[in-house]
Amino acid sequence: NILLLVSLAFIGGLIYLYFIYKCIFFIAASAVLMAVFLLILCLNSFDLYAKLKNRLRDGKYFNFFKHKARQFINILQARDIIFYSFLYCLLELANIYLLSKVAGLNIPLAKILLFSPLVILISGVPITIGGMGTREAAMIFFFSQCSSPEALLFWGLLYSFVEHLFPMLLGSILTVNFLKKILYSNG
C-alpha cells in the first residue's frame with residue numbers, strides 16, 4: 001500500500017506540474033519514463049543474462065524456464081491483490097476529494113492527488129492513536145494555501161470520522177451482535 005500511495009502522489013505531482021507548467025511536465029514525464037525504462041532494462045538484462053548463461057552451462061535450461069513460468073503465474077495471481085489495493089487507494093482519494101466538496105473547500109483535484117497520499121502516509125505513523133491529530137495537522141500543513149486553517153481542520157476531522165471512526169463504531173456494534181450469536185448458539 002505504501003508503494004501505491006507513493007506512486008499516486010507521484011502521479012498527482014505530475015498532474016499538478018501539467019496544470020502549472022505544461023512544458024516542464026512533458027520534459028519531466030519523458031525523463032522519468034526513460035529513466036524507469038532504462039533501469040528496468042539494465043536490471044533485467046544483466047540478471048537474466050547471467051542466470052540464463054549459468055543455466056545453459058549447467059544443462060538446466062528447462063528447469064530455469066519452468067521456474068520463470070511459475071513466477072509469472074504467481075505475479076498474475078497477485079495481480080488481483082494489486083488491482084484491489086490500487087482501487088482502494090483511488091477510492092480513498094476520491095473520498096477525500098468528495099469530503100472537501102462537502103466541507104465547502106475549493107481545492108484543485110491535482111493538489112488532492114499530490115498531497116493526500118502524503119497525508120495518509122503521515123497519519124499511518126504510530127505517534128497517536130489512529131493517526132488522530134497528525135492527519136489533521138498534515139492536512140492543514142499541505143493545503144494551507146487553499147483555505148483557512150479552521151476549514152481545513154473541519155475537513156480533516158470530517159475525513160477522520162468518515163474514513164476511520166465511523167467504520168470502527170459500526171464494526172464494534174456488529175461485533176457485539178456477532179459475539180452474542182456465537183455465545184448463545186454454542187451454549
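Quick note: numbers below take in every heavy atom, side chains included, and nothing from hydrogens, waters or symmetry partners.
By the 4.5 Å heavy-atom criterion applied to side chains, F115 and M139 are not counted as neighbours. Looking only at side-chain heavy atoms (C-beta outward), S116 and F143 come within less than 4.5 Å of each other. Side-chain contact between E92 and Y88 is present, with at least one heavy-atom pair separated by less than 4.5 Å.
Residue L121 is not grouped with residue I127 when hydrophobic side chains (ILVMFWY) are merged at heavy-atom distances under 4.5 angstrom, including chains of intermediate members. Linking ILVMFWY side-chain heavy atoms closer than 4.5 Å, directly or via other members, places L169 and L157 in two distinct hydrophobic clusters. Residues M168 and V162 share a single hydrophobic cluster, defined by chaining ILVMFWY side chains whose heavy atoms lie under 4.5 Å apart.
Here the CG-CG distance, from L153 to L158, works out to 11.0 Å after rounding to the nearest 0.5 Å.
Of all the heavy atoms in G131 and T134, the pair that sits closest is O-OG1, 2.9 Å. Between L93 and P117, the closest heavy-atom pair is CD2-CD, 3.8 Å. Closest approach of S123 to I120, counting heavy atoms only: OG-O, 2.9 Å.
For the side-chain hydrogen bond (donor to acceptor under 3.5 Å, both in side chains) test, residues two or more places apart in sequence or in another chain that qualify with S160 are R135, E136.
Heavy-atom neighbours of I129 CD1 from other residues, nucleotides or ligands within 6.0 Å: at or below the threshold of 12.
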May I have the list of side-chain donor-acceptor pairs in residues 95-109 shorter than 3.5 Å, sequence neighbours left out?
from, atom 1, to, atom 2, distance (Å)
N95, ND2, E163, OE1, 2.5
S100, OG, Y97, O, 2.5

